[in-house]
Amino acid sequence: MKRIFSGVQPTGNLHLGNYLGAIRNFVPLQDDYDCIYCVVDMHAITVWQDPKVLKANTREVAAAYLAAGIDPKRCIIFNQSQVAAHAELAWIFNCVARLGWLNRMTQFKEKAGKHRENASVGLYAYPNLMAADILAYKATHVPVGEDQKQHLELTRDIAQKFNSDFKVDFFPLLEPLILGTATRVMSLRDGTKKMSKSDPSDYSRITMTDDADAIAKKIRKATSDPDLLPGREVLDGTGAVPEAARQARPEAYNLLAIYAALADKPMADVMDEFAGAQFSHFKAVLTDLAVAALGPIGAEMKHLSDDPGAVDAVLHDGAERARAIAEPILAEVYDIVGFLRP
Ligand code: TYM
């Protein structure tokens, strides 16, 4: 059976990267797969979270799922901490994964920065919990943005090592689904940096709840370069932007990729449309497109924030259905590992 699992951290400032790289892609998958979409609050606390704000942010991610068009009847929407199997399986994976594997994780290095000794143990073991999220449901496909690719490879390694250590064919080896033209949305201020929730500058990202004025202002102020927009002749044979071209004009290609994703068009078509255009003209059209795409979602998220009880009911119901899948899988894992449960 094909099963999707994915998650988003409730750490505030949900942005266009989260939307185009992940949440938007979750929606059509519900037609073909059995889908589980999680708000990963246990991952969030690997760095400090104010408890009150964490609760609000958890509801905000759930609201984003719902507003984007994920149907809570067809899919499971819940927050991670409500299903104990995630933490329980993560402990087992702490004993399967090797220190050397975790030492290679680039996201830990980026997040811990120079203060590695001061990072939480949870931040270091983050990828093991992520593997537990996915494998507690034996998920086979995981839609994410490009930055999560390394974590998914580690999940495959953990599944493989578990299967081989215990001589079982128990966990499936997942396939990452890195979909669309905006798999790595960059900061609006600096096209060499990923758009992120934690960037101190609000102008670096468009958030999912920004109104039309905020979107227009952020796109107008977005860093650009003095040249006119490039045409499709720069693309390589596969229709992708060559690395050297991207490095020469990171902001231009980032804005073009955002446009392509929002318009649901290939990069080449978008470049045909804007080849030789000035940034000012392109930015005005991009603003209209972004407002049309995000406006209704942001409005629905605000509407849902007025009714936290309705969102909590979705999470409660989702958690119950999630437990019904994860608990029997965890019971089998415990048996395989040799835990006695008289
Ligand atoms: P988080 O909350 O950091 O990101 C949520 C999703 O958004 C994608 N993303 C981006 N995509 C394109 N451009 C960007 N600038 C950008 N920034 C973020 C991420 O790739 C992700 O898909 N570790 C995960 C959460 C997680 C998870 C899981 C995901 C926990 N358990 C199990 C899949 C399966 C994360 O980074 O969340």
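Both counts, for ligands and for their atoms, begin at 1 and track the order of listing. Atoms considered below: every heavy atom in the structure, side chains included; atoms not considered: hydrogens, waters and symmetry mates. This chain uses plain numbering: 1 for the first residue, then up along the sequence.
- Ring orientation note: the planes of F282 and F279 are nearly perpendicular, at an angle over 60° on the 30°/60° scale.
- Among the atoms of V8, none of the N or O lies under 3.5 angstrom from an N or O of ligand 1.
- Residue contacts with ligand 1 for Q9 involve both N, CA, C or O and side-chain atoms from C-beta outward (heavy atoms, distance under 4.0 Å).
- Both L289 and M267 are members of a single hydrophobic cluster when ILVMFWY side chains are connected at heavy-atom separations under 4.5 Å.
- Here the protein heavy atom with the shortest distance to atom 28 (C) of ligand 1 is M130 CG, 3.3 Å.
- The distance from atom CG of L188 to atom NZ of K218, rounded to the nearest 0.5 Å, is 8.0 Å.
- Under the salt bridge (Lys or Arg N to Asp or Glu O under 4.0 Å) rule, R74 has a single partner from D34, D31, D32, which is D31.
- Of all atoms in ligand 1, numbered sequentially from 1 with element shown, those under 4.0 Å from a heavy atom of R184 are 12 (C), 13 (N).
- Aromatic ring pairs are classed by plane angle as parallel below 30°, tilted from 30° to 60° and perpendicular above 60°; the pair Y334 and F339 is perpendicular.
- Residue G145 holds the heavy atom nearest to atom 21 (C) of ligand 1 of all those in G145, S187, G180.
- Note: Y124 and F108 have perpendicular aromatic rings, judged against thresholds of 30 and 60 degrees for the angle between ring planes.
- For S6, no nitrogen or oxygen atom sits less than 3.5 Å from a nitrogen or oxygen atom of ligand 1, counting backbone and side chain alike.
- Under a 4.0 Å N-O distance rule, the pair D147/R184 does not qualify as a salt bridge.
- Contact analysis leaves M186 out of contact with ligand 1, as no non-hydrogen atom separation drops below 4.0 angstrom.
- In this pair, Y126 and H151 present their aromatic rings tilted. The plane angle is within the 30 to 60° band.
- Between D133 and ligand 1, at least one N/O pair is under 3.5 Å apart.
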Please report the C-alpha distance between Y65 and V314 in whole Å, then the side-chain angles of each, then the deciding distance to 0.1 Å, and finally whether the side-chain contact (heavy atoms from CB on, under 4.5 Å) criterion is met.
CA-CA 11 Å; Y65 285 166; V314 167; over 6 Å; no
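- Protein heavy atom closest to atom 36 (O) of ligand 1, with residue, atom name and distance, is Q148 NE2, 2.8 Å.
- Taking every heavy atom of both residues into account, V27 and G69 meet most closely at CG1-O, 3.7 Å.
- Annotation for ligand 1: atoms under 4.0 Å from non-hydrogen atoms of G21 are 11 (N), 12 (C).
- Polar contact check, A22 against ligand 1: no nitrogen or oxygen pair lies under 3.5 Å apart.
- Taking any N or O of Q107, backbone or side chain, none lies under 3.5 Å from an N or O belonging to ligand 1.
- Salt-bridge formation is detected for the pair R246/E243: a Lys NZ or Arg NE/NH1/NH2 atom is positioned less than 4.0 Å from an Asp or Glu carboxylate oxygen.
- Each of the atoms 23 (N), 24 (C), 25 (C), 35 (C), 36 (O) of ligand 1 lies under 4.0 Å from some heavy atom of Y126.
- Below 4.0 Å from some heavy atom of K194 lie the following atoms of ligand 1, by number and element: 15 (N).
- A salt bridge is absent between K302 and D306; no separation between the charged side-chain nitrogens and carboxylate oxygens falls under 4.0 Å.
- Using the six-membered ring where Trp is involved, H86 and F78 have ring planes that are tilted, between 30° and 60° apart.
- Contacts of V144 with ligand 1, taken as heavy-atom pairs under 4.0 Å, involve both backbone and side chain.
- By the 4.0 Å N-to-carboxylate-O rule, R205 lies too far from D199 to be salt-bridged with it.
- When non-hydrogen atoms are compared, ligand 1 lies under 4.0 Å from the side chain of V142 (C-beta onward) but not from its backbone.
- The side chain of V40, and not its backbone, has at least one atom closer than 4.0 Å to an atom of ligand 1 (non-hydrogen atoms only; side chain from C-beta on).
- Ranking protein heavy atoms by distance to atom 13 (N) of ligand 1, first place goes to V185 N, 2.8 Å.
- A cation-pi arrangement is absent between K265 and Y259, since the terminal nitrogen or guanidinium carbon is not both under 6.0 Å from the aromatic centre and inside a 45° cone about the axis.
- On a distance-only criterion, N18 and ligand 1 share at least one N/O pair closer than 3.5 Å.
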Walk me through it: do L330 and E327 pass the test side-chain contact (heavy atoms from CB on, under 4.5 Å)?
CA-CA 5 Å; L330 186 73; E327 278 171 6; 5.7 Å; no
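- Those atoms of ligand 1 that come under 4.0 Å of a heavy atom in T183, given as number and element, are 11 (N), 12 (C), 13 (N).
- Of all the listed residues (S196, A182, G17, A261), G17 holds the heavy atom that lies closest to atom 11 (N) of ligand 1.
- Residue-level proximity to ligand 1 for H15 is carried by the side chain, the only part with a heavy atom below 4.0 angstrom.
- Short contacts between ligand 1 and F5, defined as distances under 4.0 Å to a heavy atom of the residue, involve ligand atoms 32 (C), 34 (C).
- Contacts of I134 with ligand 1, taken as heavy-atom pairs under 4.0 Å, involve the side chain alone.
- Of the protein's non-hydrogen atoms, the one nearest atom 19 (C) of ligand 1 is D147 OD1, 3.3 Å.
- Within ligand 1, counting atoms from 1 as listed, the ones closer than 4.0 Å to a heavy atom of K197 are 1 (P), 2 (O), 3 (O).
- Atom 27 (C) of ligand 1 has its nearest heavy-atom neighbour, among A139, C38, G7, in G7.
- Less than 4.0 angstrom separates some heavy atom of H43 from each of these atoms of ligand 1: 30 (C), 31 (N).
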